[in-house]
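In what follows, chains carry the letters A, B, and so on, assigned in the order in which the sequence lines appear, proteins first and then strands, with residues in each chain numbered from 1.
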Amino acid sequence: MPKSQKEEAEKFLSQLETFASSMKSSIGLPMIVDPKTNVAIWYDQRELKLRFMISVEKTRKFFESLSEGKLMATKCSKTGEILFPPQIDCPTSIDSEVEWVLLPKEGELLTYTVINTKPFSFSHYNDYTVGIAKLTNGVQVLAWVRETDPKKLKVGMKVKVEIVKREPEGYLTYELVPA
Amino acid sequence: MDTTILLVLSLGRKVAVVGTGHSKFGVRNDVNLAELTYESIKQALKEANLEAKEVQYLAVSNVGGWSSEPLSAVVVSEYAGMTGKPLYRIEAACASGSAAVYNAYNAVASGHVDIAMATGVEKMNESSTPTVVEFIGRAGNYFWEFENFGLTFPGYYALYATAYMAKYGATEEDLCQVAIKNHYYASLNPKAQFQRKIDMPTCMNSRYIAWPVKLFDSSPITDGSATVILASEEVAKKITDSPVWIHSVGAGSGSANLSRRGNFTGLRAAELAAKMAYKKAGLEPENTAKYFDVAEVHDCFTIAELMAYEDLGFVKRGEAYKVAKEGQTYIGGLIPVNLSGGLKAKGHPIGATGESMIAELTKQLLNKADKGRQATIKNGRAIAHNVGGTGHYAYVTILGLDKPKDI
């Protein structure tokens, strides 16, 4: 079984860590020699833990509606413009109120890609497909597509939006499913 | 107000490039961020025959995140002996360098200062590859397009590649033509990260990183720096016999969310920047290849170079892959593009790419490029196209040997 990208990345980092530790015990410094370039590198002794806390108070309805199987957007009452991702201010009409509206589930695929080389925080997943669909009301949605063979997908094909649970994290999100 | 009057006023004073510097691009673990930046600062100061103290304004383009210094501009400024100068760190993703040049240009054009420096640096190899992939992937709309869907930089451009290929019938081989050309010219550029030529099988057999984008469609993770010094007409006359003039700069932007883009076959931001640059330089926006002897365009991925030909109006929509296939963007063709090797093979140290383009075109216009990759200079005009993110920012800079006319 080939190693996941996460395992590979973590192995690489732990090798550096081990090297730095042995250098600390031999010369008293976390100095390692890059095997590729043969130059001395200081192995940073301060690690940054970074996880953001992002306000969703004003768009709470969007997230709470997911558990009812609904995908919501906002609509400027004055201009009729539908905003997705939902935002609570109407950029083309400064005084306009916005109201919550339900998005249609049907659309067509505008474009797609399969992510083979993944970001670190996505490195525990198998290759995944990201696509952009245009829904029947013209709103465009970017999401994963439930098909990882790009040959089975086509620009212009019909897709449906489904509310799904993202595993292994176990939280609600939405996905494009070829119809 | 009469818009013609407004335009003349907005162009301000004439501004010349009077010095350029360029570090070796690549994996540069042999130097830290400030040392790397100073490699190009030093060259630029020597070329302009200026001392650091004579520079009145410093714009440092650096995206960072993957590297250790959050306030990179002050670290660079201190190292270079410029503490005390008006100082800015400029961020416009992969177009940060052109944004810094534009910023420095405005400082001179407006009459605020006579000598301004734009220096760009990126030290991407201070972090591991998956972390760098993560940082660039977050550059769009983090919450709506990364948090749940884990896009990567190649992935964003792959969305354009898929749509472009579906609409116009371009193939993966057509995309590889760009990589082959840019590796060829990089092989002649001692400052380039990759100095080896590649052939079609090498490109076509490379693995997918974001289908349909392959490893050899993609620019690398690069450390590097580049610097340009700009001066007012009066000062330029005193310090150099060979100024290269900035004829115009155009800028534009695109939505953070890719889902809000009107199409995926061209970058609206780049189109807007090009239109503005052409208008300010008094050039028509169509069939524009004829105006220029050479171009540096933003080929972070091969598809990006093809879209650039169209966004800049070198060719009509849907024609770019055909001219690439015909070899029309080599020396001797319709317009030579990326004779430096481009981001693709020269390397793409995000924050330094913009200055690198201006430094390269200045050399080209002065007939000082390396052997085998010097364009024939007839019009005395060159164009740089620098895109930030996936069409999130764009800058188009037109340079020329003739002093810009008052329009």
Side-chain angles (χ1 to χ4, degrees), chain A residues 5-6 8-10 12-13 16 33-34 36-42 44 46 52 54 56 83-86 109-123 125 127-134 139-144 148-151 153-156 166 169 171 173-175, chain B residues 26-32 68 125-138 140-167 207-215 218 256-265:
Chain A
Q5 284 176 20
K6 191 179 184 72
E8 277 176 35
E10 280 172 346
F12 172 73
L13 293 172
L16 291 181
V33 177
D34 184 326
K36 277 190 207 158
T37 54
N38 196 34
V39 296
I41 293 163
W42 184 271
D44 197 350
R46 310 292 157 200
F52 301 110
I54 304 160
V56 289
L83 302 164
F84 186 84
L109 195 60
L110 295 179
T111 188
Y112 52 94
T113 176
V114 181
I115 305 298
N116 313 106
T117 299
K118 300 163 202 93
F120 188 74
S121 66
F122 280 75
S123 59
Y125 296 111
D127 290 0
Y128 47 88
T129 305
V130 182
I132 299 175
K134 183 178 229 158
V139 167
Q140 295 179 179
V141 175
L142 180 145
W144 278 13
T148 52
D149 181 359
K151 303 222 160 43
L153 296 171
K154 248 186 118 147
V155 168
R166 173 66 59 76
E169 290 83 2
Y171 71 98
T173 184
Y174 44 97
E175 195 167 271
Chain B
V27 178
R28 293 298 312 274
N29 291 335
D30 57 319
V31 279
N32 68 27
S68 54
N125 285 293
E126 280 192 14
S127 288
S128 66
T129 299
T131 305
V132 175
V133 171
E134 172 107 21
F135 266 111
I136 318 182
R138 289 177 175 217
N141 187 295
Y142 172 76
F143 185 63
W144 286 95
E145 298 197 339
F146 183 87
E147 168 84 4
N148 294 320
F149 309 120
L151 270 157
T152 60
F153 195 35
Y156 287 117
Y157 272 96
L159 293 171
Y160 279 84
T162 301
Y164 185 96
M165 289 159 75
K167 182 164 182 186
R207 67 186 162 86
Y208 287 113
I209 52 173
W211 183 95
V213 169
K214 294 181 286 299
L215 186 65
S218 173
N257 280 288
L258 259 69
S259 66
R260 284 189 164 156
R261 303 282 172 87
N263 69 66
F264 298 94
T265 50

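For A/F122 and B/F149, the distance between ring centers is not under 6.0 angstrom.
In this structure, A/I115 and B/G155 approach most closely via the heavy-atom pair CD1-CA, 3.7 Å. Between A/I54 and B/F143 the shortest heavy-atom distance is CD1-CD1, 3.8 Å. The two residues B/G150 and A/Y128 have their closest heavy-atom pair at O-OH, 2.7 Å. Listed here is the closest heavy atom pair of A/G131 and B/L159: CA-CD2, 4.5 Å.
Atom-to-atom distance recorded for B/S68:OG and A/D44:CG is 7.0 Å, nearest 0.5 angstrom. Atoms CZ and OG1, from B/F153 and A/T117 in turn, are 14.5 Å apart once rounded to the nearest 0.5 Å. Atom CG of A/L153 and atom OG1 of B/T162 lie 9.5 Å apart (nearest 0.5 Å). Note that the CG atom of B/L215 and the CG atom of A/N116 stand 11.0 Å from one another [nearest 0.5 Å]. To the nearest 0.5 Å, the span separating CD on A/Q5 from OG1 on B/T129 amounts to 11.0 Å.
Looking at B/R261, only its backbone comes within 4.5 Å of chain A, counting heavy atoms on both sides. With a threshold of 4.5 angstrom between heavy atoms, A/A133 does not approach chain B through any atom at all. Residue contact with chain A, scored on non-hydrogen atoms closer than 4.5 Å, is absent for B/F135. In this structure, chain B has a heavy atom under 4.5 Å from the side chain of A/V56, while its backbone stays farther away. Both the backbone and the side chain of A/L110 come within less than 4.5 Å of a heavy atom of chain B. Residue contact with chain A, scored on non-hydrogen atoms closer than 4.5 Å, is absent for B/E126. Interface residue B/Y208: backbone and side-chain heavy atoms are both found under 4.5 Å from chain A. There is no contact between A/Y125 and chain B, counting heavy-atom distances below 4.5 Å. When heavy atoms are compared at a cutoff of 4.5 Å, B/A163 approaches chain A by way of both its backbone and its side chain. If you measure heavy-atom distances from B/N257 to chain A, the contacts under 4.5 Å come from the side chain alone. For chain B, the nearby parts of A/L83 are the backbone and the side chain; heavy atoms of each come within less than 4.5 Å. Contacts of A/V155 with chain B are made by side-chain atoms alone, with heavy-atom separations under 4.5 Å and no backbone atom involved. Looking at A/L16, neither its backbone nor its side chain comes within 4.5 Å of chain B, counting heavy atoms on both sides.
Among the candidates B/V132, B/V213, B/T152, B/T131, the residue making the largest number of heavy-atom pairs closer than 4.5 Å to chain A is B/T152. Among the candidates A/R166, A/E169, A/E175, the residue making the largest number of heavy-atom pairs closer than 4.5 Å to chain B is A/R166. In terms of non-hydrogen atom pairs under 4.5 Å with chain B, the most contact-rich of A/V130, A/D127, A/I41, A/V141 is A/V130. Of the listed residues (A/F52, A/W42, A/F120), the greatest number of heavy-atom pairs within a distance under 4.5 Å of chain B belongs to A/F120. Highest contact tally toward chain B, considering only A/A9, A/P85, A/S123, A/A143, is held by A/P85 [criterion: heavy-atom pairs under 4.5 Å].
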Requested in this report: Would you please test B/N148 and A/W144 for side chain to side chain contact (heavy atoms under 4.5 Å, CB included) and show each step?
Outcome: CA-CA 9 Å; B/N148 294 320; A/W144 278 13; over 6 Å; no
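At least one side-chain heavy atom of B/F264 sits less than 4.5 Å from a side-chain heavy atom of A/I132. Contact of the B/V31 side chain with the A/V39 side chain is not registered, since no non-hydrogen atoms from C-beta on lie closer than 4.5 Å. The shortest side-chain heavy-atom distance between B/P130 and A/S121 does not fall under the 4.5 Å cut-off. Contact of the B/Y160 side chain with the A/T111 side chain is not registered, since no non-hydrogen atoms from C-beta on lie closer than 4.5 Å. Side-chain atoms of B/F146 and A/P119, non-hydrogen and from C-beta on, do get closer than 4.5 Å to each other.
For B/K167, the salt bridge (Lys or Arg N to Asp or Glu O under 4.0 Å) criterion is met by no residue, not counting sequence neighbours. B/N141 pairs by the side-chain hydrogen bond (donor to acceptor under 3.5 Å, both in side chains) definition with nothing, not counting sequence neighbours.
Around the CG atom of A/N38, the shell of radius 6.0 Å holds no more than 12 heavy atoms that belong to other residues, nucleotides or ligands. In A/F12, the CZ atom is not crowded: 12 or fewer heavy atoms of neighbouring residues, nucleotides or ligands sit closer than 6.0 Å.
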